[in-house]
Amino acid sequence: MASMKAIKKRIVSVNSTKKIMKAMNLVAASKLQKAKARLDDIRPMSADIKKIIDSIKNSIDYEMEIPFTEEREVKNIAYIVLSSDRGLCGSYNATVSKEAYAFVESNRDKPEKIIAVGAKGHDYFRRRGKNIVHRYDTASEATSYTDAMALATLVADMYKTGQADEVYLVYTHFESVLAHIPNIVRLLPLKMSADNISESDASGTSAIMSYDPDIETFIKHAIPMYLNITIYSAMIESSVCEQASRMTSMDSATRNATEIIDELTLDYNRKRQSMITQEITEIVSGANALQ
């Protein structure tokens, strides 16, 4: 059995770890609030740009040549996988990486080109021998629109030059602090066929839109913006999920540390009481022997 000195030393060690976990929990909570505010700001914009793309579907001539909509034989697939650069965030990285890996494996007959955003996702696919063509290590809370534009430009160039015939985005969707859902979205090619028109467009309730100077010029600017906003929104969603997962993990670790400290303190007090009782017994026995 452990001595009182060893137990006391472990209590001090666990208490020190508890303080670190508590501090990390507070930091994650603060970052979560900031990331959630960014998400609340970007979601309306993301919804609006998607509505604009949907409205275009109802306005175009389907014989019109529209960039990034060409359905062609799929020979190569590019995957953008969003993860974090750091650990200590529960199952966040493992969940999204496993979802992405399963999807890549379901298309294993087509060569993959993985764009890993985040060190954890990069390490996950590297250990499994997957083809990683680009790696981005950037602090998730510092994600900017410029980062999203760089990614969008990269995959757009890959699609235009035939390096990728399809592009998928794998990220974690934020439902609530405790609910994070891995999501897979096909970025390219865009689906512009009539069967994708939203119900509001099909019923004729959507607003009639005019395009200046013309619809072709508008589309050439709208589609890159759509790619930028979609990737940026996914990056922020992932950032929120990372901080929420880290906050809950640190909160759980703090509670576990408290339970361990309570158990160790109880064990320490029992040993201390046992030693005191033994000393009293020895004193009484010695006094009786002198009589």
Side-chain angles (χ1 to χ4, degrees), residues 28 31 35 38-39 42 68 74-174 180-189 224 226-246:
K31 290 183 177 180
R38 294 173 69 194
L39 180 60
I42 194 62
F68 306 117
V74 179
K75 298 179 181 179
N76 297 279
I77 304 178
Y79 305 88
I80 302 175
V81 183
L82 305 183
S83 63
S84 72
D85 293 329
R86 296 175 296 169
L88 295 177
C89 50
S91 61
Y92 166 73
N93 288 306
T95 301
V96 69
S97 296
K98 287 179 180 178
E99 185 76 13
Y101 182 77
F103 187 66
V104 171
E105 285 294 285
S106 69
N107 296 294
R108 62 187 309 172
D109 57 321
K110 302 176 182 66
E112 78 276 354
K113 295 183 178 181
I114 296 173
I115 301 169
V117 182
K120 294 299 180 179
H122 172 270
D123 293 343
Y124 184 93
F125 285 99
R126 179 181 54 80
R127 288 194 298 268
R128 287 157 180 78
K130 293 302 179 181
N131 180 30
I132 302 173
V133 295
H134 289 280
R135 170 180 175 172
Y136 291 89
D137 290 346
T138 176
S140 55
E141 59 265 22
T143 296
S144 68
Y145 187 72
T146 304
D147 297 323
M149 286 181 64
L151 271 174
T153 301
L154 172 65
V155 295
D157 289 342
M158 291 177 68
Y159 181 80
K160 287 188 292 186
T161 58
Q163 298 178 55
D165 302 301
E166 284 185 337
V167 179
Y168 289 90
L169 176 64
V170 186
Y171 69 100
T172 309
H173 177 70
F174 180 77
H180 319 135
I181 304 171
N183 199 15
I184 300 174
V185 176
R186 193 179 87 165
L187 284 179
L188 296 172
Y226 168 75
L227 295 176
N228 295 342
I229 291 295
T230 300
I231 294 175
Y232 183 53
S233 178
M235 294 172 85
I236 294 179
E237 293 254 10
S238 295
S239 176
V240 174
C241 293
E242 176 191 350
Q243 299 304 334
S245 184
R246 181 170 288 112

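Keep in mind it's a predicted model, so treat the numbers as computed, not measured. What's counted below: heavy atoms across the whole structure, side chains too, no hydrogens, waters or symmetry copies. Position 1 is the first residue of the sequence; numbering continues from there.
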Tell me, do [X] and [Y] make a side-chain contact under 4.5 Å, heavy atoms counted?
X: Leu169; Y: Val155; answer: no
X: Glu242; Y: Lys31; answer: no
X: Val170; Y: Val185; answer: no
X: Tyr171; Y: Val96; answer: no
X: Ile77; Y: Val74; answer: yes

Which atom names give the shortest non-hydrogen contact between [X] and [Y], and what distance separates them?
X: Asp165; Y: Pro189; value: O-CD, 3.6 Å
X: Ala148; Y: Asn228; value: CB-O, 3.7 Å
X: His173; Y: Asn183; value: CB-CB, 4.4 Å
X: Arg126; Y: Ile132; value: N-CD1, 3.7 Å

- Query: For Tyr226, what residues pass the ring-ring contact (aromatic ring centres under 6.0 Å, His included) criterion, not counting sequence neighbours?
  - Reply: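 Listed in chain order: nothing, the list is empty.
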- Quick one: list whatever passes ring-ring contact (aromatic ring centres under 6.0 Å, His included) with Tyr92, sequence neighbours left out.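 If we apply the ring-ring contact (aromatic ring centres under 6.0 Å, His included) test to Tyr92, skipping adjacent residues, there are no hits.
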- Message: Looking at Ser245 and Cys241, would you say the former's side chain and the latter's main chain have a donor-acceptor pair under 3.5 Å?
- Response: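 Checked: no pair found.
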- Query: Can you check whether Asn93's main-chain N or O pairs, donor with acceptor, with Ser83's side chain at less than 3.5 Å?
  - Reply: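 Between the backbone of Asn93 and the side chain of Ser83 there is no qualifying donor-acceptor contact (under 3.5 Å).
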- Item | Aromatic ring pairing Phe174/His180, orientation class (parallel under 30°, perpendicular over 60°, tilted between) |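 Ring orientation of Phe174 relative to His180: parallel.
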Measuring from atom [atom1] of [X] to atom [atom2] of [Y], what distance do you get when rounded to the nearest 0.5 angstrom?
X: Asp147; Y: Tyr136; atom1: CG; atom2: OH; value: 9.0 Å
X: Ser97; Y: Arg127; atom1: OG; atom2: CZ; value: 8.5 Å
X: Thr172; Y: Ile181; atom1: OG1; atom2: CD1; value: 10.0 Å
X: Ser233; Y: Leu39; atom1: OG; atom2: CG; value: 6.5 Å
X: Tyr232; Y: Thr146; atom1: OH; atom2: OG1; value: 9.0 Å
X: Thr153; Y: Leu227; atom1: OG1; atom2: CG; value: 9.0 Å

- Task: Tell me, with the steps shown, if Ile229 and Tyr145 meet side-chain contact (heavy atoms from CB on, under 4.5 Å).
- Result: CA-CA 8 Å; Ile229 291 295; Tyr145 187 72; 3.8 Å; yes
- Message: Before you tell me yes or no, could you show the steps for Leu188 and Glu166 under side-chain contact (heavy atoms from CB on, under 4.5 Å), namely the whole-Å CA-CA distance, both residues' side-chain angles and the distance that decides it to 0.1 Å?
- Response: CA-CA 5 Å; Leu188 296 172; Glu166 284 185 337; over 6 Å; no
- Can you name the residues that form a salt bridge (charged side-chain N to carboxylate O under 4.0 Å, His left out) with Arg128, not counting sequence neighbours?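 Counting only residues at least two positions away or on another chain, Arg128 forms no salt bridge (charged side-chain N to carboxylate O under 4.0 Å, His left out).
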- Applying side-chain contact (heavy atoms from CB on, under 4.5 Å), run through Tyr79 and Asn107 and close with a yes or a no. CA-CA 11 Å; Tyr79 305 88; Asn107 296 294; 3.5 Å; yes
Quiz: residues 109-120 side-chain donor-acceptor pairs under 3.5 angstrom, not counting sequence neighbours:
residue : atom : partner : partner atom : Å
Glu112  : OE2  : Asn131  : N            : 3.2
Lys113  : NZ   : Gln163  : O            : 2.9

- Applying ring pair (Phe, Tyr, Trp, His ring centres under 6.0 Å), which residue pairs with at least one partner in residues 107-135 are found, sequence neighbours left out?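 Ring pair (Phe, Tyr, Trp, His ring centres under 6.0 Å) check on residues 107-135 returns no pairs.
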- Item | Those residues that, when tested against Pro182, pass side chain to side chain contact (heavy atoms under 4.5 Å, CB included) (two or more places apart) |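 If we apply the side chain to side chain contact (heavy atoms under 4.5 Å, CB included) test to Pro182, skipping adjacent residues, the hits are Thr95, Glu99.
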